[in-house]
Amino acid sequence: MSAPSSAPHQAHQAHQAPPYPRQRANYVDPAPALITGPAISPLRFVGGSTGWLVTGYHEAREVLRDPRFSAERWRGDDTVRPVSQNVRENRGNGPGSFLSMDAPEHGHYRGLLTRYFTVRRMRALEPRIDGIVTDCLDALQAAGKPADLVEHFALPVPSLVICEMLGVPYAERETFQRASAQVLVQDQSGGQFDQGMRTITDFIGELTAAKRRAPQDDLISYLTSVGELSDVEINNMAALLLIAGHETTTNMLSLGTFVLLQNPEQMRRLREDDALVPGAVEELLRYLSIVNAFPVRIALEDVEIGGVTVTAGQSVAVSVPAVNRDPALVDEPHTLDVGRPRSSHLAFGYGIHQCLGANLARIELAAGYRGLLGRFPDLALAVAPEEVRMRSDMVIYGAHELPVTW
């Protein structure tokens with residue numbers, strides 16, 4: 001990234017602040033404006049306020065680890081859609097929604113979940129995840145050529161995994177999958193977002209009541225055993241895990257496959273050397289950065305970042321796609337290299353809000369890519385790349401459908 005603009009010009013820049021450039025280039029590359037501009041620059045948020053856009057790797061880490069920047073998004077503005085009145089009144093999505101909380105409140109809720117997401121526990125799940133991958137590959141093959149990789153593989157793999165962990169009946173997946181998609185649409189009213197969240201929390205609320213009566217060996221049952229948690233807190237915690245647990249991995253599986261199919265040499269390397277797969281997962285996470293325009297932080301006081309002063313109350317958006325393409329992170333950042341040494345990318349965030357399910361996602365992705373490439377040596381797109389319908393309308397980027405043949 002080039003050097004940031006000097007502080008004396010901040011007022012002029014703020015007056016001409018552009019909106020966030022949401023449209024990606026060449027299917028997966030960030031918008032040119034995100035990777036050619038300064039490391040921190042003025043940004044006009046959707047609510048009309050002016051704040052800052054961070055695209056530099058080091059500046060992003062500063063923002064995400066500094067407690068002077070709040071994750072309580074109800075305090076400020078957002079990049080892609082207005083913050084709803086309901087979210088502001090409830091200080092987020094309500095009690096238990098730790099994604100939009102600061103310490104120590106955030107640590108209280110997150111701490112209750114860490115025992116379920118340890119490296120040791122995730123590794124113990126590997127045989128079951130491998131079995132789910134095999135079953136979904138069978139379903140993909142049985143669907144016949146051409147088939148939609150999203151519908152038959154990329155979506156069911158993580159959905160089945162998170163359903164089993166939480167204790168959510170997979171047979172009822174259409175309810176939460178449809179509501180999750182509604183929550184993640186970028187161009188929508190606050191009422192639509194609230195309705196989607198309400199559908200999910202109501203759905204989980206019925207499960208919570210049932211598990212209080214007859215607990216089982218799952219995460220929601222465990223949360224009901226924590227006497228200090230109300231049903232509202234449990235429902236909001238589980239809703240966050242359910243949405244994040246299938247939407248992100250689904251789109252990494254489908255988008256990663258899409259990109260590998262357009263880079264046959266990289267795909268060949270993975271087929272020939274299975275040991276490259278874990279590192280390739282990290283490289284794909286860096287290269288694709290499926291979270292479009294998050295996270296957003298709010299300055300609690302005046303803070304200097306990258307040579308500019310962020311004033312108290314201003315919103316700051318960290319563009320993960322741009323940050324992960326910063327030459328300060330890796331050499332030749334716009335090149336996909338499945339043999340690249342593991343980088344300290346920010347695909348899972350950074351600081352106290354780093355993704356709780358990062359280890360689970362890594363295991364699912366490695367099992368998914370390994371299984372898919374092994375089962376279908378002649379896997380190919382069934383349509384021209386430009387005909388693939390991308391999720392440019394969603395907060396989590398990816399492909400709506402990915403027609404493939406073999």
Discussion item. For R370 and D274: C-alpha separation, side-chain torsions, deciding distance, then whether salt bridge (Lys or Arg N to Asp or Glu O under 4.0 Å) applies.
Written reply: CA-CA 7 Å; R370 188 180 288 116; D274 185 70; 2.9 Å; yes
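- The distance from the CZ atom of R65 to the OH atom of Y350 is 5.0 Å, given to the nearest 0.5 Å.
- For the atom pair H152 NE2 and L140 CG, the distance stands at 7.0 Å (nearest 0.5 Å).
- Side-chain contact between L241 and F117 is present, with at least one heavy-atom pair separated by less than 4.5 Å.
- Stacking of R22 on the aromatic ring of Y20 is not recorded, the 6.0 Å distance cut-off and the 45° axial limit not both being met.
- No donor-acceptor contact under 3.5 angstrom links the side chains of Q192 and Q182, judged on distance only.
- A donor-acceptor contact closer than 3.5 angstrom is absent between the side chains of D77 and S315.
- By the 30° and 60° cut-offs, the orientation of the rings of H106 relative to H353 is tilted.
- Looking at R340 and E282, no side-chain N of the basic residue comes within less than 4.0 Å of a carboxylate O on the acidic one, giving no salt bridge.
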Item to complete: Evaluate the side chain to side chain contact (heavy atoms under 4.5 Å, CB included) criterion for residues E62 and V303: first the C-alpha distance (whole Å), next the side-chain angles of each, then the deciding distance (0.1 Å), finally the verdict.
Response: CA-CA 11 Å; E62 284 188 57; V303 185; over 6 Å; no
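- More than 12 heavy atoms of other residues, nucleotides or ligands sit less than 6.0 Å from atom CD of Q354.
- Here R375 pairs with D138 in a salt bridge; the nearest charged N to carboxylate O distance falls below 4.0 Å.
- Between D231 and T208, the side chains place no donor N or O within less than 3.5 Å of an acceptor N or O (distance only, hydrogens not considered).
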Worksheet item: Given the rule in the side chain to side chain contact (heavy atoms under 4.5 Å, CB included) test, do L160 and R173 qualify, once you have shown the distances and angles that lead to the verdict?
Response: CA-CA 9 Å; L160 277 161; R173 61 191 178 278; over 6 Å; no
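- Judged by the 6.0 Å and 45° rule, R362 forms no cation-pi pair with F348.
- Here the closest non-hydrogen pair linking L43 and A317 is CD2-CB, 3.9 Å.
- Remark: the Y27 side chain and the Q262 side chain contain no N/O donor-acceptor pair separated by less than 3.5 Å.
- Between the CD1 atom in I132 and the OH atom in Y170 there is a gap of 9.5 Å [rounded to 0.5 Å].
- Note: L240 CG to T201 OG1 = 12.5 Å, rounded to the nearest 0.5 Å.
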Worksheet item: Please walk me through it: do F69 and V316 pass side chain to side chain contact (heavy atoms under 4.5 Å, CB included)?
Response: CA-CA 9 Å; F69 288 100; V316 179; 3.8 Å; yes
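- In this structure, the separation between CD1 on I40 and CG on L53 is 8.5 Å, given to the nearest 0.5 Å.
- Checked against L149 for a side chain to side chain contact (heavy atoms under 4.5 Å, CB included), the options L402, L381, L253, L155 give a single hit: L402.
- To the nearest 0.5 Å, atoms CD (E387) and CD (E401) are separated by 12.0 Å.
- A salt bridge is absent between D29 and R24: the closest approach of a Lys/Arg side-chain nitrogen to an acidic carboxylate oxygen does not fall below 4.0 angstrom.
- Note on D66 versus R61: no salt bridge recorded, every NZ/NE/NH1/NH2 to OD/OE distance being 4.0 Å or above.
- Cation-pi check for R121 over Y116 is met; the charged atom lies under 6.0 angstrom from the ring centroid and within 45 degrees of its normal.
- Under a cut-off of 6.0 angstrom, the local environment of CD in E332 is sparse, with at most 12 non-hydrogen atoms contributed by other residues, nucleotides or ligands.
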Worksheet item: Given L113 and L219, is the side chain to side chain contact (heavy atoms under 4.5 Å, CB included) satisfied, shown in steps?
Response: CA-CA 8 Å; L113 297 170; L219 183 48; 4.0 Å; yes
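- When all heavy atoms are compared, the tightest approach of P158 to T249 is CB-CB, 3.7 Å.
- Classification of K211 and D218 as a salt-bridged pair holds, one side-chain N sitting under 4.0 Å from a carboxylate O.
- Side-chain polar atoms of E304 and T309 form no donor-acceptor pair below 3.5 angstrom.
- In this structure, E272 pairs ionically with R268, as a charged nitrogen and a carboxylate oxygen lie closer than 4.0 Å.
- With 3.5 Å as the limit, one finds a donor-acceptor pair spanning the side chains of H400 and D393.
- The aromatic ring centroids of Y57 and H345 lie 6.0 Å or more from each other.
- Between E247 and R391 there is a salt bridge, with a side-chain nitrogen of the basic residue lying less than 4.0 Å from a carboxylate oxygen of the acidic one.
- Heavy atoms only, all atoms of each residue included: M390 and G398 are closest at CE-O, 3.2 Å.
- Taking a 6.0 Å sphere around CD of E265, one finds it holds more than 12 heavy atoms contributed by other residues, nucleotides or ligands.
- Side-chain atoms of N324 and S289 form a donor-acceptor pair, as typed in the model, at a separation below 3.5 Å.
- Under the 3.5 Å distance criterion, with hydrogens and angles disregarded, a donor-acceptor pair is assigned to the side chains of Q314 and T311.
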Practice prompt. Please step through side chain to side chain donor-acceptor pair (under 3.5 Å) for the pair S100 and E72, ending with a clear verdict.
Written response: CA-CA 5 Å; S100 55; E72 295 179 335; over 6 Å; no
Worksheet entry | Y287 and H334: CA distance, side-chain angles, deciding distance, ring pair (Phe, Tyr, Trp, His ring centres under 6.0 Å) verdict | CA-CA 7 Å; Y287 184 74; H334 305 302; 8.4 Å; no
